[in-house]
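All of these numbers come straight from a predicted model, not from anything done at the bench. As the structure lists them, so they are numbered: ligands from 1, and atoms in each ligand from 1.
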Amino acid sequence: MKATAKAHTNIALIKYWGKRNEELILPTNNSLSLTLDGFYTTTTVDFQEDLKADSFELNGIPEQGEAYKRVTAFLELVRKMAGKEVYAHVASDNQVPTAAGFASSASGFAALAAAASKAIGLDLDDKELSRLTRRGSGSSSRSIYGGFAEWQMGEKKDGSDSYAVPIADENHWDIRMAGVVLTSEMKKISSRAGMRRTVETSPFYEGWLKSIPEDLTGIKEAIQEKNFIQVGEIAEANCLKMHATSLGAKPPFTYWLDSTIRVMRQVQKMREQGIPAYFTIDAGPNVKVLYLPEHEAEVERMLREVPGVTDVILSKPGPGVSYL
Ligand code: ADP
Ligand code: DP6
Ligand code: CO
């Protein structure tokens, strides 16, 4: 009863930022992302009859706190689904900074869901796997697929119609994304806590939600047509709207550092110089930059020039979840 799975992170171009049901992890809007080949998680789940509890090791270090709780709560769902009362050793390796806004929860839970469901003998298809992994971390529902994926919020109370669907696979379009590392420090406000506070207290939240349908229609059209400028403009504006909602929260907060803003300005400077490039930022200070392959060298050079940038990791579109 042992399996290993690999899942890549995904970065949302249309963000998921708020839940309508916390326990089932049902979102308030559809979101759309690009899975990246440069960042991923590999997880081994080993169910053993003689274990009295689950254990969780992340990057070789035994975890006990909140991270452990999230993993055991998730394994509990898998056990219920399979109708088996058996505990597991979980060992995971993040080739992505943990809890720094590079979507470690997306690759982390997608790899866990795939490995755990396989190890316990469930034979899930992609849709079932996406629906299951959503319960670990919402964004992980999109990491089941390579390339572009959309998480459909669904309408049903039980969440049975809330899962991701593929929009265009990793071979559709060679669009690139640079992960600009400013800090690998773990964020003080998790994505979960940040979006909860925003939904509950920000007067800007309603405006954010109203603006989503138009962004989604526009970006899906642009992806099909490989219209880079349209994808970039919509994604960058959508990210800024999301981050604006947190400034309206009570108490207000932002994930940005001064270096975050410097990178944003550098991307604007690229455009002024005729290099089409656009940024997006998740719940964390680090920035991701969208560009096309022909501008890779120049984009990387200009990003490395910005004071505060410690690394630039270049990615192509990545594949969906796989078993090792
Ligand atoms: P991020 O921007 O990295 O997704 P989040 O606040 O959404 O940040 O989630 C970070 C949390 O996700 C971690 O604190 C941990 O609980 C969980 N996580 C990260 N990596 C893994 C992994 N490989 N396996 C299981 N859980 C993970
Ligand atoms: C800003 O999926 O990490 O990255 O469902 O509570 O685990 P939980 O949150 P998470 O939220 C991601 C928020 C985001 C935008 C996105 O990935 O769509
Ligand atoms: Co996350």
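Note: an N/O pair closer than 3.5 Å links Ser105 and ligand 2 by distance alone. In terms of polar-atom proximity, defined here as any N/O pair under 3.5 Å, Asn10 makes no such contact with ligand 2. In terms of polar-atom proximity, defined here as any N/O pair under 3.5 Å, Ala12 makes no such contact with ligand 2. No N or O atom of Lys15 sits closer than 3.5 Å to an N or O atom of ligand 2. For ligand 2, the polar-atom distance check finds no N/O of Ser140 at less than 3.5 Å from any of the ligand's N/O atoms.
The part of Leu58 lying near ligand 1 is the side chain, judged by heavy-atom distances below 4.0 Å. Neither the backbone nor the side chain of Glu66 has any atom closer than 4.0 Å to an atom of ligand 1 (non-hydrogen atoms only). At a heavy-atom cutoff of 4.0 Å, ligand 1 is contacted by no atom of Ser137, backbone or side chain. Under 4.0 Å from ligand 1, heavy atoms of Ala99 appear from its side chain as well as its backbone. Residue contacts with ligand 1, taken as heavy atom pairs separated by less than 4.0 Å, do not involve Val96 at all. When non-hydrogen atoms are compared, ligand 2 lies under 4.0 Å from the backbone of Ser137 as well as from its side chain.
Counting protein heavy atoms only, atom 16 (C) of ligand 2 is closest to Arg142 NH2, 3.4 Å. Looking at atom 2 (O) of ligand 2, its nearest protein heavy atom turns out to be Ser139 OG, 2.7 Å. Nearest to atom 9 (O) of ligand 2 among the protein's heavy atoms is Met195 CE, 3.5 Å. Among protein heavy atoms, atom 14 (C) of ligand 2 sits closest to Tyr16 O, 3.8 Å.
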Quiz item: For Arg301 and Glu305, what are the C-alpha separation, side-chain angles and deciding distance, and is it a salt bridge (Lys or Arg N to Asp or Glu O under 4.0 Å)?
Solution: CA-CA 6 Å; Arg301 191 189 62 74; Glu305 230 170 47; 2.8 Å; yes
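Annotation: side chain of Ile175 is not in contact with side chain of Lys316 (no heavy-atom distance under 4.5 Å).
Between Phe39 and Phe102, the ring center distance clears the sub-6.0 Å criterion.
Of the charged side-chain nitrogens involved, none lies within less than 4.0 Å of a carboxylate oxygen, so that Glu200 and Arg196 do not count as a salt-bridged pair. Look at Glu150 and Lys220 and you find a salt bridge, because one of the NZ, NE, NH1 or NH2 atoms lies within 4.0 Å of a carboxylate O, short of that distance.
Within the model, atoms OG1 of Thr98 and NZ of Lys187 stand 10.5 Å from one another, a figure rounded to the nearest 0.5 Å.
No path of Ile, Leu, Val, Met, Phe, Trp and Tyr side chains, each step under 4.5 Å between heavy atoms, connects Leu129 with Tyr163, placing them in separate hydrophobic clusters.
The nearest N, O or S atom of Ser105 is closer to the Co ion (ligand 3) than 2.8 Å.
Heavy atoms of Ala103 stay at 4.0 angstrom or farther from ligand 2. Contact annotation: Gly284 has no heavy atom less than 4.0 Å from any atom of ligand 1. At least one heavy atom of Arg70 sits closer than 4.0 Å to an atom of ligand 2.
A cation-pi arrangement is not found for Lys288 relative to Phe279, the charged atom failing to lie both closer than 6.0 Å to the ring centre and inside a 45° cone about the ring normal.
Checking Tyr68, Phe56, Tyr40, Phe102 against atom 25 (C) of ligand 1, the nearest heavy atom belongs to Phe56.
In this structure, a donor-acceptor pair under 3.5 Å is absent between the side chains of Thr72 and Asp54. No hydrogens or angles considered: a donor-acceptor pair under 3.5 Å links the side chains of Asp46 and Gln48.
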